[in-house]
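In what follows, a single structure is set out as C-alpha cells and then discussed.
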Amino acid sequence: MLDAKIPPGQINEKWKNHKFSMKLVNPNNKRKFDIIVVGTGLAGASAAATLGELGYRVKAFTFHDSPRRAHSIAAQGGINAAKNYTNDGDSVERLFYDTIKGGDYRSREANVHRLAEVSVNIIDQATAQGVPFARDYGGLLDNRSFGGAQVSRTFYARGQTGQQLLIGAYSALMRQVAMGTVELHTRSELLDVVTKEDRACGIIVRDLISGEASAHSAHAVVLATGGYGNVYFLSTNAMMCNVTAAWRAHKRGAFFANPCYTQIHPTCIPASENFQSKLTLMSESLRNDGRIWVPTGFDDKRPASDIPENDRDYYLERKYPAFGNLVPRDVASRNAKTVCDEGRGVGPLRNGVYLDFDAAIERDGLDTIVARYGNLFDMYHRITGENPYEQPMRIYPAIHYTMGGLWVDYNLMTTVPGLYCIGEANFSDHGANRLGASALMQGLADGYFVLPYTIGDELAGLLGTEKVPNNDPVFTKALANVANETDRWLSINGSRSVDFFHRELGQLVWEYIGMERNKTGLEKALTEIPALREEFHRDVRVLGSADTLNQSLEKAGRVDDFFGLAELMAHDALEREESCGGHFREEHQTLDGEAERDDQNFSHVAAWEWTSNHNLQTRHREELIFENVALSQRSYK
Ligand SMILES: Cc1cc2nc3c(=O)[nH]c(=O)nc-3n(C[C@H](O)[C@H](O)[C@H](O)COP(=O)(O)OP(=O)(O)OC[C@H]3O[C@@H](n4cnc5c(N)ncnc54)[C@H](O)[C@@H]3O)c2cc1C
C-alpha cells in the first residue's frame with residue numbers, strides 16, 4: 001500500500017495548512033542547494049524559473065535546441081481556471097468536481113482540489129508575464145467551453161495558447177539564466193537517473209551534438225519530461241516526445257502508475273495513408289461551434305453538401321442531449337469509432353466523421369468564426385487541401401495525451417527520495433481521463449505553485465549535506481553503462497531501421513491497447529511485443545557513430561524504452577478488470593455501451609515497481625478515498 005502523504009483536514013484547508021506546516025529554507029541557505037530540472041516545457045520551464053527566482057542553484061536540461069521547442073508549444077485550445085469571469089456558476093468546487101468526474105473517479109481528491117485552487121493564480125501569473133489571452137468586449141479575459149464542463153472556464157490565445165504560455169514561462173526562465181541562478185543545457189538528453197543509497201543524486205546526459213556523456217550531481221532532481229503518447233508511433237505528440245527519462249527513472253526505483261490510462265482525442269485529422277509519421281490535432285475548442293455528424297445510411301458516398309438534414313445523424317447531440325458535442329474526450333472518441341465501425345464513416349478511407357461549421361457561420365457570421373478559429377481552419381486547409389469554411393472538416397480520434405506516468409505523492413515526489421516528477425510525465429490529477437485544457441493548468445500549477453513549496457520541505461532536512469561529487473563511483477558506473485549501451489546499438493548492424501520497429505510496435509499497441517481493449521487482445525500483445533523486441537535487439541541497424549549527431553542512435557534507446565513501457569501497459573490494462581475513462585475493456589460495459597467501473601475492486605491507483613524481468617513487475621496499490629464527491633456512473637445525457 002502506497003502512502004500518498006495527503007495532509008489531514010478538510011479538503012479546502014489541506015493545501016493551505018500543508019503550506020504553513022512545511023519547513024522553509026531561508027534565502028541564504030537556498031543558495032547552498034543544487035536542483036536539476038530535466039525538461040523545459042511548460043512544467044519544467046515554470047519550475048526552473050521559479051526555483052531560480054527563489055534562490056536555488058538550478059541546472060535545466062532539454063534535448064531541444066531551445067526551451068521554446070518543447071511539445072507544450074503545440075497546445076492550441078486553452079487553459080482552464082475557476083475564475084468565473086463569465087458569471088455562469090463556476091467555482092473552485094465546480095472545477096474540482098468536474099475534474100474528478102471527468103477522470104471517472106480514478107484521481108486523488110486532495111491533488112485535484114489543490115489544482116482547482118491554484119488554477120486562478122496561474123492566469124494572474126501568465127497575464128502579468130504578458131501572455132496575450134483573448135479578451136471580451138469589456139476588456140476582461142475571455143473564456144470558452146471545453147468538453148466535460150457546462151461552464152465556460154477556458155482561457156485562450158486564439159489557437160496558440162500553449163505557445164503563448166510557453167513564451168511567458170521561457171521569458172521567466174531566460175531572466176533567471178541571465179541572472180545566473182539557472183544554468184541552461186540545451187541539446188542534452190537524460191540517459192540515466194543516478195541514485196546513491198536509494199536517494200536520487202544526479203543524472204547522466206548525452207550531448208546530442210558531440211555525443212559526449214557527462215555526469216551532473218544535485219541535491220534533488222525534477223523530471224518534467226512530458227508524456228509517452230508516441231509509444232503508438234502515430235500520435236498528435238511532437239515527433240521527439242518519448243518516455244526515456246521516466247522509464248529510466250522507473251528502472252532506478254520510481255514506480256510507474258496507471259500506464260494503461262492513455263487518452264484518445266476525438267478531433268484529429270484522419271490518417272491518409274500507411275506511411276504517415278504524424279497525426280494532427282484539431283483543437284477541442286472547435287466543438288464549441290462545430291456540429292459532429294455522419295450520414296444516417298451506411299456507406300453513403302455523397303459529398304456532405306448533397307446529404308440533406310434528415311439523412312444526417314448528429315449522434316452526440318442525439319445520445320447526450322445535456323452535453324451534446326461537448327461530451328468528454330473518451331465518450332466522443334468511442335462514439336466516433338462506433339459509427340465508423342458501423343460503416344458510416346466519411347472521407348476517402350471512410351475513417352472520419354464530419355465536424356460542421358455551417359450552422360455556426362450562419363448564426364454568428366463568418367468574421368466571428370475566423371476570429372475564433374482562423375489559424376486552425378488554415379492549418380486544416382493546408383494539410384487536407386479542403387476548405388473547412390465551405391465543406392465540413394473530417395475528424396477521427398488519435399492518441400493525444402497520457403494520464404499514466406511516474407507515481408508521485410502529494411508533494412510530487414516519486415518513490416525515489418529526492419526525485420520529483422511534474423507535468424504530463426507524472427500520473428497525478430487526471431485519473432482515467434483528462435479534461436480538455438487541464439494539462440496546461442496542471443503543468444503550470446506543478447511548476448509555478450506546488451513544487452517550489454514542497455521541494456523546500458525536503459531540502460530543509462538536508463541542510464549541511466554536500467551533494468554527491470560527480471566523480472563518485474555511482475556516477476562512474478552509470479557513465480560506463482551508458483557507453484556500453486551505445487556500443488551495443490552500434491554493433492548490431494541489422495537490416496531494419498529503428499523507425500520500422502517503432503511503427504510495428506505502434507501498430508500492436510494501437511490494435512491491442514488502443515481505444516478498446518479485451519483480454520484476448522491484451523494477452524496477444526504480451527506475446528507479440530516481446531517477440532518484436534527480440535527481433536529489434538537482433539536486427540536493428542543503427543548507422544553512424546557515437547561521437548557525433550546521430551538521430552538513429554538517439555531513437556534506438558527511446559524505442560527500446562517504448563518496448564518496455566508497451567508491455568507494462570498491456571499488463572496494467574489486463575489487470576484492470578473494469579472500464580474507466582480512456583481505459584475501455586470491452587468485457588466491462590453497460591447495456592448502452594458506456595464504461596462500467598468496478599469501484600469495489602479497482603478504486604485504486606496501480607503503481608508498478610520495476611524488476612529486471614518485464615513479466616514480473618510488482619503491482620502496488622494506492623487506495624483512492626472519496627470523501628467529498630459521491631461516486632456515480634458518469635452520465636452526460
Ligand atoms: C497537439 C496538442 C494540443 C494540445 N492542446 C492542449 C490544450 O489546448 N490545453 C491543454 O491543457 N493541453 C493541451 N495539450 C496537452 C499539453 O500540451 C501537454 O500535456 C503539456 O504541454 C505537457 O507539458 P510538459 O511540460 O509536461 O511536457 P513537454 O511540453 O512535452 O516538455 C517536455 C520537455 O522535456 C524535455 N525532455 C524529454 N525527455 C528528455 C530527456 N530524456 N532528456 C532531456 N530532456 C528531455 C523536452 O525537451 C521538453 O523540454 C495538447 C497536446 C497536444 C499533443
Side-chain angles (χ1 to χ4, degrees), residues 35-81 118-119 121-134 141 155-190 205 208-209 221-227 237-242 245 375 420-425 437 439-452 455:
I35 302 175
I36 284 174
V37 178
V38 188
T40 52
L42 280 175
S46 57
T50 310
L51 294 170
E53 173 72 25
L54 283 171
Y56 294 109
R57 292 188 309 230
V58 180
K59 273 187 177 181
F61 295 84
T62 168
F63 54 48
H64 287 105
D65 58 348
S66 158
R68 289 191 303 163
R69 291 219 195 278
H71 163 66
S72 290
I73 205 158
Q76 302 171 345
I79 175 167
N80 287 331
V118 303
S119 69
N121 305 115
I122 298 169
I123 299 303
D124 296 341
Q125 171 104 351
T127 309
Q129 287 168 346
V131 172
F133 286 119
L141 301 185
F155 294 76
Y156 64 100
R158 287 186 92 190
Q160 307 172 342
T161 315
Q163 179 175 358
Q164 299 305 330
L165 286 168
L166 190 58
I167 290 171
Y170 167 77
S171 313
L173 176 66
M174 294 316 284
R175 179 171 177 273
Q176 296 306 321
V177 172
M179 291 169 72
T181 59
V182 177
E183 193 180 294
L184 180 61
H185 297 252
T186 56
R187 296 201 181 237
S188 304
E189 178 167 24
L190 178 150
V205 298
L208 297 187
I209 305 296
V221 175
V222 181
L223 299 183
T225 45
N237 283 8
M239 300 281 287
M240 279 175 85
C241 292
N242 65 79
N375 65 318
Y420 292 79
C421 188
I422 60 175
E424 190 174 340
L440 302 184
M441 171 173 71
Q442 181 227 327
L444 290 178
D446 288 358
Y448 282 135
F449 297 109
V450 180
L451 180 83
I455 205 168

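Bear in mind that the values here come from a model prediction, so they are computed numbers and not experimental data.
Residue pairs meeting the salt bridge (Lys or Arg N to Asp or Glu O under 4.0 Å) criterion with at least one member in residues 163-173, sequence neighbours excluded, do not occur.
The salt bridge (charged side-chain N to carboxylate O under 4.0 Å, His left out) check on Arg158 picks up nothing, with sequence neighbours excluded. Annotation: ring pair (Phe, Tyr, Trp, His ring centres under 6.0 Å) contacts of Tyr170 (sequence neighbours excluded): none. Under the side chain to side chain contact (heavy atoms under 4.5 Å, CB included) criterion, Ala43 pairs with Ala224, Ile422, not counting sequence neighbours. Evaluation of the side-chain hydrogen bond (donor to acceptor under 3.5 Å, both in side chains) rule for Gln76 yields no partner, not counting sequence neighbours. Applying the ring pair (Phe, Tyr, Trp, His ring centres under 6.0 Å) criterion to His185, with sequence neighbours excluded, gives Phe61, His216. The side-chain hydrogen bond (donor to acceptor under 3.5 Å, both in side chains) search around Asp65 returns Arg69, not counting sequence neighbours. Annotation: side-chain hydrogen bond (donor to acceptor under 3.5 Å, both in side chains) contacts of Tyr56 (sequence neighbours excluded): none. Ala172 pairs by the side chain to side chain contact (heavy atoms under 4.5 Å, CB included) definition with Ala49, Gln129, not counting sequence neighbours. Scanning for salt bridge (charged side-chain N to carboxylate O under 4.0 Å, His left out) contacts around Glu53 gives Arg175, with sequence neighbours left out. Not counting sequence neighbours, the partners of Asp124 by the side-chain hydrogen bond (donor to acceptor under 3.5 Å, both in side chains) test are Lys83. Partners of Arg68 according to the salt bridge (charged side-chain N to carboxylate O under 4.0 Å, His left out) rule, which considers only residues two or more places apart in sequence or in another chain, do not exist here.
In this structure the side chain of Val58 never reaches within 4.5 angstrom of the side chain of Gln176, judged on heavy atoms. Between Leu165 and Phe133, the closest side-chain pair of non-hydrogen atoms falls below 4.5 Å.
Between Gly443 and Ser46, the shortest heavy-atom contact is O-OG, 4.0 Å.
Atom OH of residue Tyr156 and atom CG of residue Leu141 lie 10.5 Å apart, to the nearest 0.5 angstrom.
In the model, Gln125 has no side-chain atom that pairs as donor or acceptor with a side-chain atom of Asn121 under 3.5 Å.
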